[in-house]
Structures are given as structure tokens and as C-alpha cells.
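We count ligands from 1, going down the list as the structure has it; atoms in each ligand are counted the same way.
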Amino acid sequence: MSTTTTEKGERLARIVPEALSAVHEVLERHRVTEEEWHAVLAFLTDVGRADEFILLSDVTRTSVLIDAMSHGADESATASDVEGPLYVEDPPWREPPVKIYEEYEGSDAGEVLFVRGEVTSADGTPLTDAVIDIWQTGPTGGYDIWDERQPEFNFRGRFGVSESGGYEFQTMVPKPYTVPTDGPVGSYLAAVGQHPWRPAHIHFKVTAGGHEPLVTQVFFPDDPYLDNDTIGAVKAALVRPLERHDGGARGLDAPFSTCDFDIRLRPTG
Ligand code: BEZ
Ligand code: FE
């Protein structure tokens, strides 16, 4: 829903005073001291300086709440999910056969994964102009931006679909990982006793003409953090089985996995 400048001003004038009243009520109920309040302000200052407000919104489950209110649970389209703070703008365009990574020191400990499916409109019509944008961790070391062994944009990339709306890309099975813990949000998690782990997942952004863009994530069964993701973003409809295959196919000596994930976009208007 797009809002005009006047509507935005009216929303601000209604919502901000109510939000502040709610904060004041909590401060009063707990008789919060000057020292404690100054510590809160210093924490928020640190969060801003460290560019961790999205992360704070995520770990406090605020992003999940906003996602649920913004996209609803309309089953004719693929469920949306939180974007998180680790998307990097302008990832490379990958031509078919799409492979979104280069091997790096230690990556041979991981397992190759082919993710495939169709991109359609809610009524099943193939969307042949769809563009898919993926980001995920490697099998070791987390995201490329944290791991010196990985080239820039490893396990990231954009690509188109086939003439029938189909797609397939080669990646590696991701692993559970912790959100960044070395900044102010990490101190907050430790202080409130919340663990920092996320279940393994692959992020998707999908766009096509005449359709609402979709931001989502795919998860895998049997992950130890499926029921207690630190950002609370797991949706049952987004948990997809991995099918295991023996080596000797697709030019691979080692066993590998496949995962099917069809994507349905909601028409605009
Ligand atoms: C992520 O999945 O990339 C992520 C989401 C929320 C906070 C930190 C990381
Ligand atoms: Fe992630």
C-alpha cells in the first residue's frame, strides 16, 4: 500500500504519540531510574553507530510481525519472509547453467545442492520474465562478507527463468549459523538470554512484471533451530525436503541433494 506525504504525516501524528505512551507506561510501571534510561539511550546510540537497527528489529521479532501484517497468509501466493540485514546490492548476473558459488578452502566438506522449480502467477500462468535473486551462507564460514576465504558475492546471484518459467541453480547445502554477536545487538541477546542461532536457509527475492515482488526464505527439515530460530521467521509452508542422490550423476563424483521450490507471485492491483 503506497501512502501520500499527507497520509504519512497523519499516520506519524497518530502512531508516534501512542507508541510513546506505551513506552512511558512501561517506564512508570518499572520505576525506571535516570541511570537505566541513560543506558537505554546509550544502547540505541550504539545500535545506530553499528548500523544494527535491522538486526535489532529482527531479533526482537518485530520484522516478523511487520512481515505478517504486510503480506498476510494468502495461500494463492508463496509465503513471504523477513529480508534480514545481509543482502548485498547488485549481485552478479548468472547465466545458465546457473551456479552461484566458487569452491573455496574448506567448501569440499559441504554437499552440492540443486534448487529448482517454476515461477508462476497465482493462477498458475508461467512468468517468463521473472528474475530470481539468491543469497545464502556457504557450508562453512557463513556469508561471504564474513569469510576471507570466499570470493566477493559467493553464494549470491541473480538470474532469469526459462521460456516456461522454470529455474534451477547449483549451490551447496547451507548450515545453521549465528547472527552477528560482536556488536550491541549481540550484547542485548546475551543480556536477555536469547541464543543467536538461525536454522539453515536460502534467501530469495523474486520479481516479475505486473506482480508484487516476493522476499522469502526456504528452510530444510530436521534442522535443530527450526522450532527456535532467533528471529522467529520459520513458516511451515517454507520448509522443503532435500532429496539425496548418489554420486556419479550430473558430473559429480560425490552424493548431492535436490530441493523443489515452486514460486507463485501475487498479481498487483
Ligand atoms: C539472515 O538470515 O541473513 C539474518 C536475518 C536476521 C538477522 C540476521 C541475519
Ligand atoms: Fe540468512
field: Numbered atoms and elements of ligand 1 in range of Leu86, under 4.0 angstrom, heavy atoms
entry: 3 (O), 9 (C)

Closest approach of any protein heavy atom to atom 2 (O) of ligand 1, naming residue and atom: Arg198 NH1, 2.6 Å

message: Using a 4.0 Å heavy-atom cut-off, which part of Leu55 comes near ligand 1: side chain, backbone, both, or neither?
response: side chain

message: Counting neighbours of CD on Glu148 that are heavy atoms of other residues, nucleotides or ligands and sit closer than 6.0 Å, is the number greater than 12?
response: no

message: With a 3.5 Å distance limit and no angle check, can you tell me whether Gln136 reaches the backbone of Met172 through a side-chain donor-acceptor pair?
response: yes

task: Provide, to 0.1 Å, the distance between atom 1 (C) of ligand 1 and the closest protein heavy atom, together with that atom's residue and name.
output: Tyr177 OH, 2.9 Å

- line: Taking only non-hydrogen atoms of His203 and a 4.0 Å limit, the atoms of ligand 1 in range are 1 (C), 2 (O), 3 (O)

task: Mind reading off the angle at the Fe ion (ligand 2) between the OH atom of Tyr143 and the OH atom of Tyr177, rounded to 10°?
output: 100°

- request: Check whether any side-chain N or O of Asp58 sits under 3.5 Å from a backbone N or O of Ser63 as a donor-acceptor pair, and report yes or no.
  value: no

- prompt: Closest approach of Ser80 and Lys235, non-hydrogen atoms and distance?
  reply: O-NZ, 2.5 Å

Contacting atoms of ligand 1, where contact means under 4.0 angstrom from a heavy atom of Val179: 7 (C), 8 (C), 9 (C)

- request: Report, in ascending order of atom number, the atoms of ligand 1 lying under 4.0 Å from any heavy atom of Tyr143.
  value: 3 (O)

- request: Kindly confirm or rule out an N or O of Glu83 lying under 3.5 angstrom from an N or O of ligand 1.
  value: no

- request: Please check if the side chain of Asp81 supplies one atom and the backbone of Gln217 the other of a donor-acceptor pair under 3.5 Å.
  value: no

Proximity of Ala233 to ligand 1 by residue part, where a heavy atom lies under 4.0 Å: neither

message: If I consider every N, O or S atom in His201, which one ends up closest to the Fe ion (ligand 2)? I only need its name.
response: NE2

query: Are any side-chain N or O atoms of Asp262 and backbone N or O atoms of Glu118, one a donor and one an acceptor, separated by less than 3.5 Å?
result: yes

task: Could you tell me which atoms of ligand 1, counted from 1 in the order shown, lie closer than 4.0 angstrom to a heavy atom of Ile231?
output: 5 (C), 6 (C)

query: Looking at Glu10 and Arg14, does any basic side-chain N land under 4.0 Å from a carboxylate oxygen?
result: no

task: Could you tell me whether the Fe ion (ligand 2) has an N, O or S atom of Gln136 under 2.8 Å away?
output: no

message: Checking a contact table here: which protein heavy atom is nearest atom 6 (C) of ligand 1, and how many Å away?
response: Asp58 OD2, 3.1 Å

- prompt: Relative to the ring of Trp146, is the ring of Tyr177 parallel (under 30°), tilted (30 to 60°) or perpendicular (over 60°)?
  reply: perpendicular

message: When you compare ligand 1 with His201, is there at least one nitrogen or oxygen pair between them that comes in under 3.5 angstrom?
response: yes

- prompt: Where the side chain of Glu52 meets the backbone of Val185, is there a donor-acceptor pair that is under 3.5 Å apart?
  reply: yes

- prompt: Considering all heavy atoms of both residues, which atom of Thr230 and which atom of Arg61 are nearest to each other, and what is their separation?
  reply: O-NE, 3.1 Å

message: Between the Fe ion (ligand 2) and His203, which N, O or S atom of the residue is the nearest one?
response: NE2

- prompt: Is the Fe ion (ligand 2) under 2.8 Å from any N, O or S atom of Thr137?
  reply: no

task: Give a yes/no on ligand 1: does Trp135 have at least one heavy atom closer than 4.0 angstrom to it?
output: no

- prompt: Between Glu105 and Arg149, is a salt bridge (charged side-chain N to carboxylate O under 4.0 Å, His left out) present by the stated rule, with each step listed?
  reply: CA-CA 6 Å; Glu105 187 198 329; Arg149 297 167 304 175; 5.1 Å; no

